[in-house]
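Worksheet: one structure, shown below.
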Amino acid sequence: MDDMLKEFVVEAMDLAVNVEEHLLRLERDPDNKETLNAVFRSFHTIKGGAGFMNLGAMVSACHLTENLFDALRTGAAPVTPLSIEAALQASGFVADQLSELNNGTAPDALAPMPADLEAILKEAIEGKTTSSKPAAKPAPAAPAPAAAPAAAAPAPSSAAPSAAGLDWEGMYEAVVPPGTYARPAVDARAEGVAAAHVAAEGTPAAVHAPAPEAKERPAAEAKPSSAPAKEESIRIDAVKLDALLEVAGESVQAANQAAVLLERLQQFKFEGQAASLMSALTETLERASRYSTELQRATLATRMQPVGRLFQKFPRLVRELAKDLGKEVELTIEGAETEVDRVVVDSLYDPLVHMLRNALDHGVEGPEARMAIGKPPKAYISLKAWQEANSVMIVLQDDGKGMDPAALKRKAGEKGLISPSANLTDDECYQLVFLPGFSTKEVASSVSGRGVGMDVVKTAVEKNRGAIHIESQLGKGTKFAIRLPIELSIVPTMLVSTSGALLALPMAVVERVVELPEVFMEVGGAPVLKDQGRPLPVRSLADALGYEPCSERVGIVVNSPQPYILAVSAVDGTADLVIKPMTALSVDGITGTARSAEGDLVLVVGLSFLMDGCRGSVRMAA
């Protein structure tokens with residue numbers, strides 16, 4: 001794929017996602033003129049770029065959809081469920097073509113626009129409320145359709161075609177930076193009349209017609225006085241950013257180690273020229289450390305992306321799946337502007353899809369069942385994100401039937417996943433849904449029931465050094481709370497030691513440090529300590545990790561769903577560590593390694609392990 005086509009695909013894919021979001025909003029608010037105009041503009045922009053790239057099927061689909069929304073916004077056709085469905089199908093077709101291009105398909109190998117899509121768009125333009133044909137998948141052999149007659153006169157902002165039948169100026173404007181080209185006002189008015197004529201009489205053949213004169217004209221007619229606009233952003237390969245972040249992290253690590261060595265040198269007495277050199281060295285190292293830290297932070301900022309980029313894909317998924325299941329469901333999204341590492345954003349799509357599908361299939365009830373128990377017929381699912389200390393919280397909550405801990409335990413026992421006599425708390429019963437092979441459905445469907453999905457969720461979250469917690473209430477609903485580090489490669493930690501091992505705890509769960517007594521009061525045989533008036537269980541970090549018993553007189557209050565005190569031998573300070581994942585082996589409770597400022601190896605304790613109370617997840621029966 002050449003650079004120009006690649007840039008068009010990336011920008012058009014963003015527009016296609018925004019179009020779906022606008023269409024779903026329009027379905028709820030059909031009279032919203034701003035949304036109608038936004039959809040019209042998006043299809044117009046994609047059409048211009050697609051024409052410039054000689055993508056005939058995409059131009060045809062966008063042209064018909066543009067005609068539809070021109071009719072909708074001028075009142076020539078009403079906003080009906082059919083028009084929304086037609087636009088969604090057109091958006092899906094465009095997104096599929098863009099995805100194929102992104103995967104390396106040659107432009108001339110793309111499928112033509114399906115006849116069914118052309119038919120439903122024309123019916124929507126005519127103002128029909130129902131389609132005469134059922135929706136079908138694109139037919140590979142279908143010929144490219146002719147452009148439909150415009151339902152209404154083009155707006156003044158509509159692009160004007162050249163004599164060859166294509167709006168080359170509009171296409172040129174779609175792929176160059178804003179402000180680079182200024183269309184002459186006289187030509188725009190004169191060609192506005194021609195646009196209506198070509199929209200009514202143009203054929204698909206015109207899409208492929210070369211027009212070298214039109215290509216050259218924009219550059220010749222551009223006003224000398226209009227200076228090109230500055231580009232405020234550039235596209236950089238993510239691999240290059242990752243490499244830059246790696247180097248920035250190592251530079252900070254080296255600066256920290258140099259600072260430790262300098263501190264040791266300063267214990268000696270220097271005189272004369274040696275003292276002057278030491279003073280200069282100290283100042284230089286301080287400056288190097290400051291700049292390397294700033295470089296690291298600036299590099300990290302380039303990897304941060306809003307979770308809205310991920311969330312905006314879900315409204316249509318929920319709409320379509322709810323429709324298939326015969327349920328009325330509304331998805332609300334909050335905190336889409338919350339930023340997190342792009343690696344986390346990319347890896348959370350599949351887990352959140354699994355959670356949404358489970359919420360729709362298992363969680364929320366159908367309209368009749370809801371009304372029978374006094375609930376409104378429409379179910380609600382909320383997806384929220386916010387920043388909390390050094391973590392990002394993502395919460396998915398529904399107002400469905402909730403989880404029955406006893407039923408979960410019974411089903412896990414029947415499947416042989418746990419011992420039937422296991423004594424589990426409600427929270428431990430909820431954790432059973434993450435076991436591979438667990439499902440409460442007797443018969444698998446296309447949505448769920450095969451016992452894969454929720455284990456994928458937990459695996460993906462823990463792979464990103466996160467933790468997931470479930471809260472549920474029978475008849476009220478279920479809440480899944482995911483806690484993730486904002487930055488994956490560099491984590492603020494508290495350094496501790498126990499049984500001779502140097503360990504790091506994520507600061508996201510550290511509440512405060514307390515002194516432990518020699519003797520504890522006990523509840524049920526387990527040590528307990530009162531902290532700020534509340535009794536908290538005390539757990540040994542050495543014991544949890546399988547180390548040799550040792551004296552642990554320092555306690556760390558862990559902020560988890562069920563708070564507790566973690567006993568360690570000593571607290572050695574705090575540090576922002578560059579975490580290296582453990583790929584060669586797997587150790588329960590340890591998520592990665594790092595180097596301290598002194599160069600010592602540090603084992604990083606997993607966030608999920610700490611959130612679960614320093615206990616491993618529920619084990620499968622032998």
Side-chain angles (χ1 to χ4, degrees), residues 243-302 389-390 465 485-516 541-542 545 547 550-557 566-582 590-605:
L244 179 61
L245 182 61
E246 181 81 13
V247 172
E250 292 298 339
S251 69
V252 170
Q253 198 73 24
N256 290 340
Q257 291 179 4
V260 171
L261 292 173
L262 179 64
E263 189 177 347
R264 291 176 182 174
L265 275 175
Q266 288 173 337
Q267 295 174 1
F268 300 96
K269 187 176 181 181
F270 294 91
E271 296 180 353
Q273 189 176 1
S276 300
L277 286 173
M278 278 298 296
S279 177
L281 178 61
T282 301
E283 183 182 343
T284 303
L285 280 178
E286 286 177 354
R287 192 165 65 250
S289 178
R290 184 171 65 254
Y291 289 154
S292 61
T293 301
E294 289 177 3
L295 171 64
Q296 184 187 53
R297 292 300 173 193
T299 309
L300 279 171
T302 64
N390 295 309
R465 293 196 286 278
I486 294 177
E487 302 161 356
L488 279 184
S489 54
I490 300 171
V491 180
T493 64
M494 175 172 282
L495 299 177
V496 302
S497 55
T498 190
S499 194
L502 184 58
L503 301 153
L505 310 178
M507 288 296 292
V509 295
V510 174
E511 195 167 312
R512 62 185 161 277
V513 178
V514 296
E515 185 179 355
L516 299 181
L541 181 57
L545 295 175
Y547 294 166
C550 62
S551 173
E552 296 176 314
R553 290 291 172 262
V554 180
I556 297 170
V557 181
L566 186 63
V568 299
S569 297
V571 172
D572 302 319
T574 60
D576 289 352
L577 298 181
V578 179
I579 309 296
K580 305 290 185 183
M582 295 178 64
I590 304 299
T591 190
T593 61
R595 289 281 175 187
S596 68
E598 291 80 9
D600 299 324
L601 179 67
V602 180
L603 299 178
V604 183
V605 182

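Every heavy atom of this structure was used, including side-chain atoms; hydrogens, water molecules and symmetry mates were not.
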*Closest approach of Phe270 to Ala275 (non-hydrogen atoms, all atoms of both residues)*: O-CB, 3.5 Å
*Could you pull out all residues at least two apart from Glu511 that satisfy side-chain contact (heavy atoms from CB on, under 4.5 Å)?*
Arg534, Val557, Asn559
*If you take all heavy atoms of Ser551 and Ser569, which pair is closest and at what distance?*
O-OG, 3.1 Å
*Find the distance between CD (Glu246) and CD (Gln296) and round it off to the nearest 0.5 Å.*
11.0 Å
*List in chain and number order the residues that pass salt bridge (charged side-chain N to carboxylate O under 4.0 Å, His left out) with Glu263, two or more places apart in sequence or in another chain; answer none if no residue qualifies.*
none
*Just do the side chain to side chain contact (heavy atoms under 4.5 Å, CB included) check on Thr593 and Leu603 with the steps written out, would you?*
CA-CA 5 Å; Thr593 61; Leu603 299 178; 3.9 Å; yes
*For Thr282, what residues pass the side chain to side chain donor-acceptor pair (under 3.5 Å) criterion, not counting sequence neighbours?*
Gln266
*What residues form a side chain to side chain donor-acceptor pair (under 3.5 Å) with Glu552, not counting sequence neighbours?*
Thr498, Ser540
*asked:* If you compare all heavy atoms of Val568 against all heavy atoms of Val571, which two are closest, and at what distance to 0.1 Å?
replied: CG2-CG2, 4.4 Å
_Gap separating the CG atom of Leu281 from the CG atom of Leu277, nearest 0.5 angstrom_ = 8.5 Å
*asked:* If the condition is side-chain contact (heavy atoms from CB on, under 4.5 Å), which residues does Ser596 pass it with, not counting sequence neighbours?
replied: Leu502, Glu598, Asp600, Val602
*asked:* Does any part of the side chain of Val605, heavy atoms only, come nearer than 4.5 Å to the side chain of Val496, both counted from C-beta?
replied: no
*For Thr591, enumerate each residue passing the side-chain contact (heavy atoms from CB on, under 4.5 Å) test, keeping only those at least two apart in sequence or located in another chain.*
Arg465, Val604
*For Arg287, what residues pass the side-chain contact (heavy atoms from CB on, under 4.5 Å) criterion, not counting sequence neighbours?*
Glu283, Thr284, Arg290, Tyr291
*Test salt bridge (charged side-chain N to carboxylate O under 4.0 Å, His left out) applied to Arg264 - qualifying residues, sequence neighbours left out*: none
*Are the side chains of Val252 and Val578 in touch, meaning some heavy atoms are under 4.5 Å apart?*
no
*Partners of Asp576 by salt bridge (charged side-chain N to carboxylate O under 4.0 Å, His left out), sequence neighbours excluded?*
Arg297
*Any Leu261 side-chain heavy atom under 4.5 Å of Leu265 side chain*: no
*Which residue pairs satisfy the side-chain hydrogen bond (donor to acceptor under 3.5 Å, both in side chains) criterion with at least one member in residues 247-262, sequence neighbours excluded?*
Glu250-Lys580
*With sequence neighbours excluded, what pairs up with Glu286 under the side chain to side chain donor-acceptor pair (under 3.5 Å) test?*
none
*asked:* Any non-hydrogen side-chain atom of Leu545 less than 4.5 Å from a side-chain atom of Ile590?
replied: yes
*asked:* Please enumerate all residues that pass salt bridge (charged side-chain N to carboxylate O under 4.0 Å, His left out) together with Glu271, with sequence neighbours excluded.
replied: Lys269
*Decide side chain to side chain contact (heavy atoms under 4.5 Å, CB included) for Val554 and Glu515; before the verdict, give the C-alpha distance in whole Å, the side-chain angles of both, and the deciding distance to 0.1 Å.*
CA-CA 5 Å; Val554 180; Glu515 185 179 355; over 6 Å; no
*Close side-chain approach of Leu495 to Leu577, heavy-atom, < 4.5 Å*: yes
*Out of curiosity, Leu566 CG to Ile556 CD1, how far, rounded to the nearest 0.5 Å?*
5.5 Å
